[in-house]
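To start, the structure itself, in C-alpha cells.
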Protein chains: 2
Amino acid sequence: MKFEAVTIKDIAKALGLSTSTVSRALRDSYEISPETKKLVLDYAEKINYQPNPIALSLKERKSHSIGVIVGEIANNFFSQIINGIESVAKEEGYNVIISQSHESFDKESSNLQYLTSRSIDGLLVSVSAETLNFNNLKAIHDKGMPIVFFDRIVDEIETHKVIVDNFTGAYNATSHLIEMGYSNIAHICNASILSIAKERLAGYLSALKDHGMENDESLIKYCKHGGMIAQELEDALKELLKNKRKPDAIFASSDKLTTGCLRILKKKKISVPNDIGLIGFSNGDLTDLLDPPLSVVRQPAFEMGQLAIRMLLPLIESKYPVTSFETKVLSTELIIRNSTKHQPERVLK
Amino acid sequence: MKFEAVTIKDIAKALGLSTSTVSRALRDSYEISPETKKLVLDYAEKINYQPNPIALSLKERKSHSIGVIVGEIANNFFSQIINGIESVAKEEGYNVIISQSHESFDKESSNLQYLTSRSIDGLLVSVSAETLNFNNLKAIHDKGMPIVFFDRIVDEIETHKVIVDNFTGAYNATSHLIEMGYSNIAHICNASILSIAKERLAGYLSALKDHGMENDESLIKYCKHGGMIAQELEDALKELLKNKRKPDAIFASSDKLTTGCLRILKKKKISVPNDIGLIGFSNGDLTDLLDPPLSVVRQPAFEMGQLAIRMLLPLIESKYPVTSFETKVLSTELIIRNSTKHQPERVLK
DNA sequence: GCCGTTTACGCAAACGATGTCGGGAACGAT
DNA sequence: ATCGTTCCCGACATCGTTTGCGTAAACGGC
C-alpha cells in the first residue's frame with residue numbers, strides 16, 4: 001500500500017500552469033509574476049506539497065545522505081558521536097545512515113559495499129578493531145568518495161581526520177596509577193594495527209619511562225577483536241594473573257575492555273582497587289555507579305561527531321578536489337574515582 | 001567533489017547497444033540473446049557497474065528506506081531493538097533511518113516531519129514519553145503510511161504492534177519485592193499516558209492486591225519526561241522519602257529511571273538494598289556490575305526489533321490496504337540480583 | 001507604426017533506469 | 001514468392017524536478 005504524494009504536476013494541472021512555472025514559483029524565481037507566485041504558493045500550502053527528495057537527488061546527483069560506520073551503537077562512545085553527527089546533519093539537511101561493524105572486518109566491508117551502493121555523498125568512518133587492510137576504503141576514496149575518519153583513523157589515506165589526544169590520555173591515566181602507588185601496571189589494548197592502540201600504548205610507555213619504571217612486554221596484552229569476543233579478554237587476563245611479574249593495576253584501552261576486566265576480576269573475586277587498580281578509556285554513563293566506581297579517560301564524543309561531519313560537508317560540496325587536509329585533535333578528560341584509589345600500603349599509612 | 005558512477009548508458013555506448021537492451025540483459029530477460037547477455041554482463045562486471053538506487057526509487061516510487069523513531073540510541077534497550085531491525089532490513093534490502101526523540105514531543109514531531117519528507121516507505125515507532133496527542137502520527141497513517149508500533153504503542157491507531165507483557169513483568173517484579181519482605185513498595189513510572197506506564201502500573205497494583213497489600217497513591221510517582229530531565233526524578237524521590245508512609249522498596253519503570261534512582265539514593269547515602277530495595281525495567285549491559293548489582297526486568301529487545309520490521313514489510317509490500325492487524329506480545333525475564341536482596345529483618349534471622 | 005526590450009510563461013531535455021510497443025531480420029511453411 | 005512466426009533489439013515514454021531556451025504579449029521610444 002503506497003503513500004500517495006502530491007507532485008508539482010498536480011499543482012500545475014490544478015492551476016492551469018506548466019510544471020516549470022510552478023517549479024520556479026516555488027523557488028521564488030524572478031521570472032514569475034507576484035500574482036502567479038502567490039497562487040502557486042497558496043495552493044501548494046493548501047494541499048501540503050512536499051518536494052520529492054528522490055527526484056531531486058536524481059537531478060542533482062546528490063543523495064543528501066552520508067554513511068557512518070561505527071563499532072556498535074550500543075557503545076556509549078559511538079552513540080554520543082552519532083548524536084553529534086546527527087545534530088549537524090539535520091541542520092544542514094543531510095540524512096545519516098548508520099552501520100555497525102561490530103568490530104568485524106567482514107561486516108565492515110559489506111557495510112561499506114552496501115553504503116556505496118546506496119549512493120551516499122560521503123562517509124564518516126571509525127575502522128573496526130579487526131581491520132587488517134584498508135584496500136576497500138582506499139579504493140572508494142580513490143574513486144572520489146569524500147571520507148572523514150574519526151577515532152580510529154587510517155594513516156594510509158589522506159583526508160580529514162578527527163581524533164583525541166590518545167597519547168596524553170594514556171599518559172595521564174598511567175601516571176595517575178603510578179602516583180597512586182601502583183608499580184606493576186598492565187596494559188590491555190586493541191589490535192596493534194589500530195591507530196588508537198598505537199598512540200595509547202605510546203602514552204603508557206612514555207609515562208612508565210618518565211617515572212623511571214621499566215617496560216615489561218609481558219604486561220602488555222592485545223585483544224584483536226576489541227573485546228567483542230569475551231574469551232580473548234579472559235585469556236589475556238588469565239595470562240596476566242599467571243605472569244611472574246603480577247600486575248597490581250590495569251590500564252585498559254577501551255570501554256568494552258575496561259568493563260570486561262571488571263566483570264572478570266569480580267568473577268575471580270579479585271578486589272578492585274585493593275588487589276588490582278583499574279582505569280580505562282570509557283564514555284559509559286554508568287561508570288560512576290559501578291562497584292567500584294571506575295576511574296576513566298573520557299573523550300569528547302559529541303564534539304568529535306560534530307567536528308567530523310563539519311569537516312566532511314565541505315569535501316562533499318567542494319566543486320574541485322580538495323588536496324589539503326587536516327587532523328583535529330581534541331583533549332581527553334581524566335576522571336578519578338575509586339577503582340584506582342588505595343593500595344594496601346596506602347591504607348596502612 | 002563528486003563520486004562519478006558508471007551508468008547503463010555508458011555500457012550501452014561502449015557496446016553499441018541501446019539502454020533498454022543493456023537493462024534487460026542485466027535483468028536476465030528472455031528477450032536477449034545469450035551472447036549479448038554475456039557481453040553486457042562481462043562488461044558491467046569489468047567496470048563495476050552498480051545500478052543507481054535513486055533512479056530505481058524514482059521509477060518504482062519506493063525508497064526502500066524505513067524510518068525508525070526511538071527515545072535515544074544511547075539506551076541499550078533501543079540500541080538492541082535497532083540491531084534487530086537492521087539485521088532484517090539488510091537481508092531484505094531496506095535502508096534504516098534512525099531518529100531520536102530524546103523523549104521530547106517536539107523533536108518527535110519534527111523527526112516525523114523530516115522522515116516523511118524524505119520519502120520513506122514505512123515507519124517503526126516507539127512514541128516519546130512526552131507525547132500527548134497522536135494527531136501527527138494519525139494524519140500520516142491515514143494518508144497511507146505503513147506504521148508498526150513497538151514498546152510504547154498507540155491504542156488509537158489501528159495497525160500492527162509489538163510489545164512485551166508489561167503487566168506480567170511488573171507483576172513479577174512487584175511480587176518478588178513482596179516475597180523478599182518489602183512492604184512499602186513505591187512505583188516510579190513514565191508519563192501516565194504511555195501504554196507501557198499503564199500496563200506496568202496495572203501489574204504493580206495487581207501484585208499488591210493479590211498479596212493482600214493495599215494500594216497507596218502517595219507511593220506512585222510519574223515522571224512525564226521519562227527521566228530525561230534529572231530534576232523530575234530527584235523531586236519524585238524527594239517526595240517519596242518525605243512521605244508519611246516511607247517506601248522500603250522501589251519498582252522503577254524504565255532503564256533511565258532505575259539507574260537514576262540508584263544514583264540519587266547513593267548521593268543521599270541511602271543503602272540499597274538495606275534501606276531501600278530497587279528493581280526496574282532495564283536492558284543495560286552493566287547492571288550486573290553496579291553497586292549493588294541490580295535486579296531487573298529484561299525485555300527481548302532484539303527480537304522485538306526483528307518482529308516489528310517483519311510485520312512492517314508486508315504492510316509496505318501489500319498491493320491493497322491491510323485491514324486486519326495483530327499485536328504480538330513477548331515475555332519479559334526477571335533477573336534477580338542483590339539490589340532486592342535482604343531486608344534488615346531478614347539479616348537477623 | 002516600427003522596432004527593441006522587458007515580462008511572464010511554456011516546451012523540452014536531462015538525471016538513470018524500466019517497460020511498452022513496434023519493427024527488422026531470419027526462418028519455415030505453403 | 002508470400003505470409004506468419006519467432007527472435008532480438010531499439011525508440012520512446014515515464015518517474016518528479018530543474019533549467020536553458022524560445023516566444024508571445026505588452027510596453028516604450030522615436
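Atoms considered below: every heavy atom in the structure, side chains included; atoms not considered: hydrogens, waters and symmetry mates. Protein chains get the first letters and strands the later ones, always in sequence-line order, with residue 1 at the start of each.
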Quick check: are there more than 12 heavy atoms from other residues, nucleotides or ligands sitting under 6.0 Å from CD of B:Glu91?
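For B:Glu91, atom CD is crowded (more than 12 foreign heavy atoms under 6.0 Å).
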May I have the distance from A:Arg61 (atom CZ) to C:dC15 (atom C1'), rounded to whole angstrom?
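Whole-Å distance recorded here is 7 Å.
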Under 3.5 Å, is there an N or O donor on one side and an acceptor on the other linking the side chain of A:Lys59 and the base of D:dT18?
yes
Would you indicate what A:Ser23 reaches in the nucleic acid, counting non-hydrogen atoms under 4.0 angstrom: base, sugar-phosphate, or nothing?
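Base, at least one base atom sits under 4.0 Å.
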Please tell me which of the listed nucleotides, C:dG19, D:dC8, D:dT17, lies nearest to the side chain of B:Arg27?
C:dG19
Selection from D:dT17, D:dC9, C:dT18 that lies nearest to any side-chain heavy atom of B:Thr19
C:dT18
Is the shortest side-chain N/O distance from B:Ser33 to OP1 or OP2 of D:dC7 below 4.0 Å?
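Negative; the distance criterion is not met.
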If you assign B:Ser18 and A:Thr21 each to the DNA chain D nucleotide with the nearest heavy atom, which residue ends up on the more 5' nucleotide?
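Nearest-nucleotide comparison on DNA chain D picks B:Ser18.
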Taking for each residue the nucleotide of DNA chain D with the nearest heavy atom, is it B:Ile32 or A:Pro51 whose nucleotide lies nearer the 5' end?
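Result: B:Ile32.
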Check B:Ile97 against A:Val96 and note the closest heavy-atom contact, atom names and distance.
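Residues B:Ile97 and A:Val96, closest heavy atoms: CG2-O, 4.4 Å.
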Listed partners of B:His64 passing ring-ring contact (aromatic ring centres under 6.0 Å, His included), at least two apart
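B:His64 satisfies ring-ring contact (aromatic ring centres under 6.0 Å, His included) with B:Tyr94 only.
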Is there any protein nitrogen or oxygen under 3.5 Å from a nitrogen or oxygen in nucleotides 20-24 of chain D, and what are the pairs?
unit_1, atom_1, unit_2, atom_2, d
D:dG20, O6, A:Arg24, NH1, 3.2
D:dG20, O6, A:Arg24, NH2, 3.0

4.5 Å side-chain heavy-atom contact, B:Phe78 and B:Ser126:
yes
Check whether the side chains of A:Lys90 and B:Asn111 place a donor and an acceptor atom closer than 3.5 Å, and report yes or no.
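Yes, because at least one side-chain N or O of A:Lys90 sits under 3.5 Å from a partner of the opposite role on B:Asn111.
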